[in-house]
Amino acid sequence: MQLKINKINKKFGDLDVLVDCELKVMDGELVTLLGPSGCGKTTLLRCLAGFEIPDSGNVFLGNQEVTNVPCNKRNVGFVFQNYALFPHLTVAKNVDYGLAVRSVPSKKRKELVDKTLALVGLNYLDNRYPKQLSGGQQQRVALARALILEPKILLLDEAFNALDAKLRISMQIELRKLVKKVGITTICVTHDQIEALTISDRIAIMNQGRIDQIGTPSDIYERPNTEFVAKFLGTANIFTRKVNNGVVQLARGLELSTNYNGEVTIVVRPEDFYITSENCKEGWIGTVAFKRLLGPTIELEIAVDEVENLLRLSIPRREGENLNVGKQVNVSLTDKKNLVVIPHKVEL
Amino acid sequence: MSFDDKLGKFLLIALAGFALLMLIVPSAIIIAISFTEKAYIGFPPSGFSLKWYSEILNKQQLIDSAVTSLRIAFVTTVLSILIGIPAAFSLVRGRFLGRSVVTAFVVAPQMLPGMVIGIALLFFGAYFGIYQSNTMVIIAMTVFCLPFAIRVAMARLSIMDSTLDEASASLGSSRLGTFFRITIPQMLPGIVAGGAFVFIEAFDNITVALFTASPRNRPLSVELYNLVQFDSSPIVAAISSLEILFAFLMMLVLARSIGLDKLRV
Amino acid sequence: MNAHNNLIDSIFEILRNIILRGGIGPVIPAIIFLFFFFAMPLVVLCAFGFVSIDRGVVDWTSISLDHLTSTIKDSLFWHIWWRSFWVGTVSTIFCLCLGYPVAYIYTLAGRGWQILILVATISPLLTSALVRTYAWMVILGGRRGVVNSILLDLDLIDRPIRFLYSDFSVILGMTQIHLPFMILPLITVLSARDLSLEQASLNLGASRLITFFKIIVPISLPGVIAGFALVFAISYTNFIVPQLLGGGNYTTLAVQVYEFIVVILDWNKGAILAFLLLTSCFFFVLGINYLGNWAMKWKEVTR
């Protein structure tokens, strides 16, 4: 089922929680709402579920407008952050709950419960109580409970927060496989960029109630629209420069031409730097201020006179073996085409 | 909202409203009646007069028993606090064998009806040849109220941060200094609330007092007990109104000073 | 100043090592006090039911079960006991039906209504049971009672209706007087409930009504059991309300205890009745908790 969100606004008291949010999700797509806490992503999700009603704007599920439809009549699947499994009911009865409410005949219910529990791989646990399950198992019960009702879309609110770090990635991959197998349109909310990168077809970055950018993970990583998006997804080195006659001077010997005017922000990703030889005419000269081994790569922070913040570089491990704190290095860019230029004012 | 939901909502509000009215209306009626001019109870009260309130001051017996009750309540409160606060400390912060048994024992009197505590002390005293007296009332009342004081203090202590005491010590304060400068001020809301409730209960209580009070020097509650059965004048309404008013004022004061939510211990 | 503090510190140290072993020191006064004025008197109370007391002198050699057996064989005793049980149970059930909505609405209400509910619930607890019972005597009274006055003035009845001195007035009085004891634990439990469970239920398509009975009520059961046990215990052992609102011909077990000890001065019988009252109350409360635990099996399971 397609989902369309049209200019949604919501205030809590004086606080603008959602401002002109728009989103179109295709049938079967998995979109993640990603942003820091307080950016409004959970509120937007709850508007989709019907737990909140927007002040203005519309929500369309397929062709039907559901903006004001009460939350128990929308037929959207929702998985809560704490899973909200009913502690006084067994796993089977939890999964069965929505069917029982709809007065589905009990033989059919038993069939469906068994089938859905098998789908999430938990059929042997049907008589346990939620308290007896691990975090990962609880999440799967919550999914089964939602999916058994064949909802129009599936919504997940920070669904992996409660799991320990090691379990998270495997559960994230499993979730993506599951929803793709079922073929249901899914929206996830998270503040964890790795989760977003792992499971999403597209990511929507949210900031202070607005959707800053929507795109595939590579779209957003390689072509961030704003400084915020650049800094939020991955690490970003930010340079502010003035445009002179269509040309921007990034550093010694590094110039770019651009169509923008006025001030621009240039974003350089850590892996787009490289350490050059001493007589290189381009780039920066600085000293290593900090070094961190991350396994396959080494992260360096370089202090450069002309630049206020430290440059953050990411280089392959073997190249960085001898670069210790205090060493003077020359830094340049691998390819100017990898830079992102973001105008401060939109003038073309 | 479906019909079921609407019906449910209606029933819910109807029952809750009825319950709240049930809680408030009797007190309101008594207060209204206390202002009557007539010499008998009647509703609606005729006229408006404060004579029944001044009548209270005329009855020496009532004044005496009120003073007795005040004395009993005061001593009971002091005793409960002096015995109860240290006990609470021990039960919350101590680590000794049998701590849960001691806790259960100390809280046990609250599980019994006041009547039983009163009778038990009456019999106990009689066995040793000691008869009913104000002292016996005070002791019985303290036994009855002590668990409450201890529970309030324990609840307060268990949410207090004991690392604050440690911080105070690390900054050089002596143990006594820490106790008075850090621990007691933090506990104060609990002590005040607990003390206020104990005082009121010790003043109002009839079930314990009835068995342990001496016939000569009766507390107000026993006096009232007789009045209620044998005197149909509105003076009882006047006394009751004063009690209701006092309870209400006490609630406001406590709510102002320590917050209403903390009263739900 | 420092010397003073050092001295006090050393005293503390000594006390600590001797008495405050593991911190038990401060609770010892309470233990001693309660041992002499609570535990021992209770033993004496129970004992008085099993020995003979002649003119205030206890004959400890005459320990017998006579008083107990004669009471149990008396059918009047069972009649009176049944009335205590029935009045206690019915008034507690009414308390629950009236108190639960108040507690539930409290959790949904705005600050103003919450304050009103708390004030209405807590201030009666600060007045004596006597005052609250007196209020019902006035309201349900005969010719001059509030209800009858109003009905007579409005010409709706010719003669005053006899409300007092019956099961009706006793149950009504007990329900209202004990209502705060049911409401407060319920407010505590319902305020702490997990709202996401209700949202999940609604999301799965249940109506608010179904959500209330299938999710909210079952999960609040611990509070319900606690409130029910508490209110039953204080209703079952209450003698003020049945005596004043039930009148001279009406009696319950608790009233009988009072009469035998204070009026008739038959302490043997009074002690036995008190003993039976206490033990039966204990078993009922145990039973209520047991039933509650059976209904909440899901709480006991572990991984």
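Just so we're on the same page: letters track the sequence lines, and every chain starts at 1. Heavy atoms only: backbone and side chains are in, while hydrogens, waters and symmetry mates are out.
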Looking only at heavy atoms and a cut-off of under 4.5 Å, which of B:Gly8, B:Pro113, B:Ala108 has the most pairs with chain C? B:Pro113
Most contacts with chain C, counted as non-hydrogen pairs under 4.5 angstrom, among B:Ala19, B:Ala247, B:Ser27, B:Pro109: B:Pro109
Point-to-point distance, once rounded to the nearest 0.5 Å, from CE of B:Met115 to CG of C:Leu277: 5.0 Å
Under 4.5 Å from a heavy atom of chain C, the part of [X] involved:
| X | value |
| --- | --- |
| B:Leu12 | both |
| B:Leu11 | neither |
| B:Ala14 | neither |
| B:Leu121 | both |
| B:Phe211 | side chain |
| B:Leu23 | both |
| B:Val102 | side chain |
| B:Leu7 | neither |
| B:Leu15 | both |
| B:Leu146 | side chain |
| B:Ala88 | neither |
| B:Ile139 | both |
| B:Leu224 | both |

At a 4.5 Å cut-off on heavy atoms, which part of C:Phe239 comes close to chain B: side chain, backbone, both, or neither? side chain
Between C:Ala103 and chain B, with a heavy-atom cut-off of 4.5 Å, which part of the residue counts as in contact: side chain, backbone, both or neither? neither
Would the C:Phe35 and B:Phe105 ring centres measure less than 6.0 Å apart? no
